[in-house]
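I have placed the structure first, in the form of structure tokens, so that the comments after it can refer back to it.
Here the structure is a predicted model, which is why all the values come from computation and not from measurement. Quick note: numbers below take in every heavy atom, side chains included, and nothing from hydrogens, waters or symmetry partners.
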Amino acid sequence: MSFDIHDIIPELSKSSEKTYVEHPIGEKVFLSMLLVCLLVVLSVFGRVFFLNVLERKAFTARAEGNANKEIAIPAFRGLITDRYGEILAKNAETFSVFINLSEALKKEGRVDEILSEVSKLLGLEKSKLRQKIDKANLNISSVVALQRNISTEQAIQLKGLAIEEVLVLNDYRREYIDGPVFSHVIGYTGAAEEGNDIVGKTGLEKEYEKFLAGEEGVSIQYKDAHGNTIEQFLAKSPVSGKTLQTTIDAGLQRYFHQRLEEGLQVLERDSGVGIALNPQTGEVLSLISFPDYDNNVFVTPERSSEITEYFTDQRRPLFNRAVSGEYNPASTIKILMGLAALHEGVADDVFGVESKGYIEIPNPYYPENPSRFVDWKAHGWVNIRSALARSSNIYFYVVGGGFQDIVGLGINNINKYWKFFKFDQKTGIDLAFEEDGFLPNPEEKEARTGQPWRIGDTYNVSIGQGDLSVTPIQLLRFVASVAAKGLMYKPYIADSVTNTHDEVIYKATPEKVLDYSDWTFELTEVRAGMEHAVTKDYGAAHLLGNLEVEAAGKTGSAQISNNTKTNAFFVGYAPRENPEIAILILVENAREGSSNTIPIARDVLDWYYKNRIKETFTE
């Protein structure tokens, strides 16, 4: 019997007779699906790239930390030496304690247990150790330093506790030779903000970190699933830091430091500055700031309590007055004023002024009370040479601000020469925290005080008083340029850097920042005035006249604190014709003004001549 499917399902027969219209799927649907697929693929590949490339080191470190113990091998920091190779900063062997957080975090509460044990043994506050862990960046390393530079006894005791997560490793600490003598030059080291590295914090340690820092080595312990060590090998050898040779003359530095300290003690004072430069190159031969500090305190745990004393001491022993202190230059600025006046034609080698001890300026508001500007004594008739030698205020009032029918430089011209001689900028010496002083001008004064600039303001700055301030290193750089007959060099301390194979990888060269050597007439007159200050009986620095070496110099006494205190300066150089050393001495709050600096200057120049110049000449 046969049958047709349409007989069984009549509807099929009916429907087959209907006409259907096919509508193709729109192109937008395919594009949307393709875009979705593309986004999914990109997202997956992006995540894979992020985990396997960008975060590879971090996750590799974590994975290894879970299965292995990675131990850092400290690298010795580079040596720092003086110009003759004498070591000023070296490394001493010590121990440090670390915690392996990858291990400690596997068990709840284990970190606190470990910190309690370690803090008790080391005599430290547990909260301080906790802070180190909280600040740790586990993406850098899962091994965190709890305390660097622990004693041998503490290391033995910690190892005796047999805490698996605690590592007691051989380490090193910085050792500074004659710390207080060189502290403001060398600086000190301390823990980095992140990681376990020791980095320079101040001085040359900070400025030349990239050379002095070594590269840590790595030792890895491979462990099985039960935590048993199956192998240990050296993955990376440590690389020592480079040796930094400075321009500092250690012998001169020690003598200068001792002599300045003695001078301050005699005066019952504690603050001062001593700097010596080679005027022909800009090399810093000596740099001292009082009060000083012992930088070994910052790298010796058992002396850590002294750190707080330094930071709370009102005398500010950590403050480097040589590069950061700002002072009225007093009469030392007369050297600049003399050069400017001669160059502008305000004065010449014949022009003179009579100093009877004061000049008076009419007071338009109170004619019966003229404004009086005084000299430190009556000097009689003075020209540029004798005015510098005697340090006459009247002469420089006149050439600076003018008087009666004499037209002086004026404040705008004075400002121009301050800037010409680079007093508007830092010297660029390779020490941190250098300041740039302050140069007053009429607009600034009026904006700050609401008062106009007056002739008295010009008189004051013409003798280095008033609002004018400079740093000692700025002032000596300028004086050294006069010594070098118009060539000004950038002062620097780092001479060269050598690697472990004694290969020189950095060598400093003198950097000339100003050349006014064509000012032959101006320099001749000003240098003669500085020479007469020493050689003439009336010279303010005539006590230097009996030195074996011929010297030139200028004194200065700046009245501060409403004329209740005096900062005393001496600047000078030797030998006179071809100077090899230029020095600056500053005594804060000196008892008798600039005369307090002369004996110190005399002894320092005498030492340098006998131990460096004469010795070399004899050889």
Side-chain angles (χ1 to χ4, degrees), residues 81-86 88 177-186 246-267 269 272-290 292 322 472-473 475-476 479-480 483-484 491 493 495 530-531 533-535 539 541-555 568-587 590 594-619:
T81 75
D82 87 331
R83 66 189 300 109
Y84 302 112
E86 180 182 339
L88 305 179
I177 312 304
D178 290 337
V181 176
F182 299 95
S183 57
H184 282 290
V185 174
I186 304 297
T246 71
T247 62
I248 296 295
D249 182 331
L252 173 64
Q253 177 88 359
R254 289 192 181 94
Y255 182 80
F256 204 161
H257 182 277
Q258 172 195 329
R259 187 61 187 86
L260 181 54
E261 185 174 37
E262 289 173 354
L264 291 171
Q265 289 174 348
V266 168
L267 297 170
R269 297 293 182 258
V273 172
I275 314 175
L277 298 179
N278 180 338
Q280 310 296 340
T281 61
E283 295 169 281
V284 177
L285 303 173
S286 177
L287 188 145
I288 300 153
S289 177
F290 276 103
D292 56 24
I473 192 65
L475 181 57
L476 186 56
V479 173
I493 302 176
D495 177 70
M530 295 178 68
E531 292 168 13
V534 173
T535 60
H542 72 277
L543 291 178
L544 300 179
N546 60 354
L547 280 170
E548 283 189 55
V549 61
E550 294 180 332
K554 183 75 189 75
T555 59
F569 278 98
F570 172 83
V571 291
Y573 53 85
R576 283 204 296 259
E577 190 54 37
N578 294 299
E580 295 185 31
I581 183 173
I583 68 170
L584 174 146
I585 296 168
L586 162 65
V587 174
S594 59
S595 61
N596 295 142
T597 61
I598 302 297
I600 302 171
R602 184 193 182 287
D603 290 346
V604 170
L605 290 174
D606 185 58
W607 185 96
Y608 194 78
Y609 174 71
K610 290 177 178 177
N611 291 275
R612 295 293 181 262
I613 300 175
K614 184 178 181 179
E615 182 181 87
T616 303
F617 180 77
T618 302
E619 292 176 356

Closest approach of [X] to [Y] (non-hydrogen atoms, all atoms of both residues):
{"X": "Ala533", "Y": "Gly553", "answer": "CB-O, 3.5 Å"}
{"X": "Ala250", "Y": "Glu86", "answer": "CB-OE1, 3.5 Å"}
{"X": "Val185", "Y": "Leu287", "answer": "CG2-O, 3.5 Å"}
{"X": "Asn596", "Y": "Ala590", "answer": "OD1-CB, 3.2 Å"}

I'd like to check [X] versus [Y] (side-chain heavy atoms, cut-off strictly below 4.5 Å). Are they in contact?
{"X": "Arg254", "Y": "Asp178", "value": "yes"}
{"X": "Arg602", "Y": "Asn546", "value": "yes"}
{"X": "Leu285", "Y": "Ile583", "value": "no"}
{"X": "Ile275", "Y": "Phe256", "value": "no"}
{"X": "Leu584", "Y": "Val479", "value": "no"}
{"X": "Asp603", "Y": "Tyr255", "value": "yes"}
{"X": "Ser286", "Y": "Gln253", "value": "yes"}
{"X": "Leu277", "Y": "Val284", "value": "yes"}

Value rounded to 0.5 Å, distance of [atom1] in [X] from [atom2] in [Y]:
{"X": "Lys554", "Y": "Tyr573", "atom1": "NZ", "atom2": "OH", "value": "13.0 Å"}
{"X": "Phe182", "Y": "Ile288", "atom1": "CZ", "atom2": "CD1", "value": "9.0 Å"}
{"X": "Arg259", "Y": "Leu264", "atom1": "CZ", "atom2": "CG", "value": "10.0 Å"}
{"X": "Glu548", "Y": "Leu605", "atom1": "CD", "atom2": "CG", "value": "12.5 Å"}
{"X": "Glu550", "Y": "Glu577", "atom1": "CD", "atom2": "CD", "value": "9.0 Å"}
{"X": "Ile248", "Y": "Leu88", "atom1": "CD1", "atom2": "CG", "value": "8.5 Å"}

Any chance you could lay out the side chain to side chain contact (heavy atoms under 4.5 Å, CB included) test for Thr281 and Thr247, step after step, and finish with the verdict? CA-CA 11 Å; Thr281 61; Thr247 62; over 6 Å; no
Criterion side chain to side chain contact (heavy atoms under 4.5 Å, CB included) on Arg612 and Asp249, from CA distance to verdict: CA-CA 10 Å; Arg612 295 293 181 262; Asp249 182 331; 2.6 Å; yes
Show the numbers, then the answer: is there a side chain to side chain contact (heavy atoms under 4.5 Å, CB included) between Thr597 and Phe569? CA-CA 7 Å; Thr597 61; Phe569 278 98; 5.9 Å; no
[X] side chain vs [Y] backbone, donor-acceptor pair below 3.5 Å:
{"X": "Asn611", "Y": "Trp607", "answer": "yes"}
{"X": "Thr555", "Y": "Phe570", "answer": "no"}
{"X": "Gln280", "Y": "Pro579", "answer": "yes"}

Are Glu283 and Arg83 ion-paired here, with the side-chain N under 4.0 Å from a carboxylate O?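 Between Arg83 and Glu283 there is a salt bridge, with a charged N closer than 4.0 Å to a carboxylate O.
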Can you list the steps and then say if His257 with Phe290 is a ring pair (Phe, Tyr, Trp, His ring centres under 6.0 Å)? CA-CA 9 Å; His257 182 277; Phe290 276 103; 4.7 Å; yes
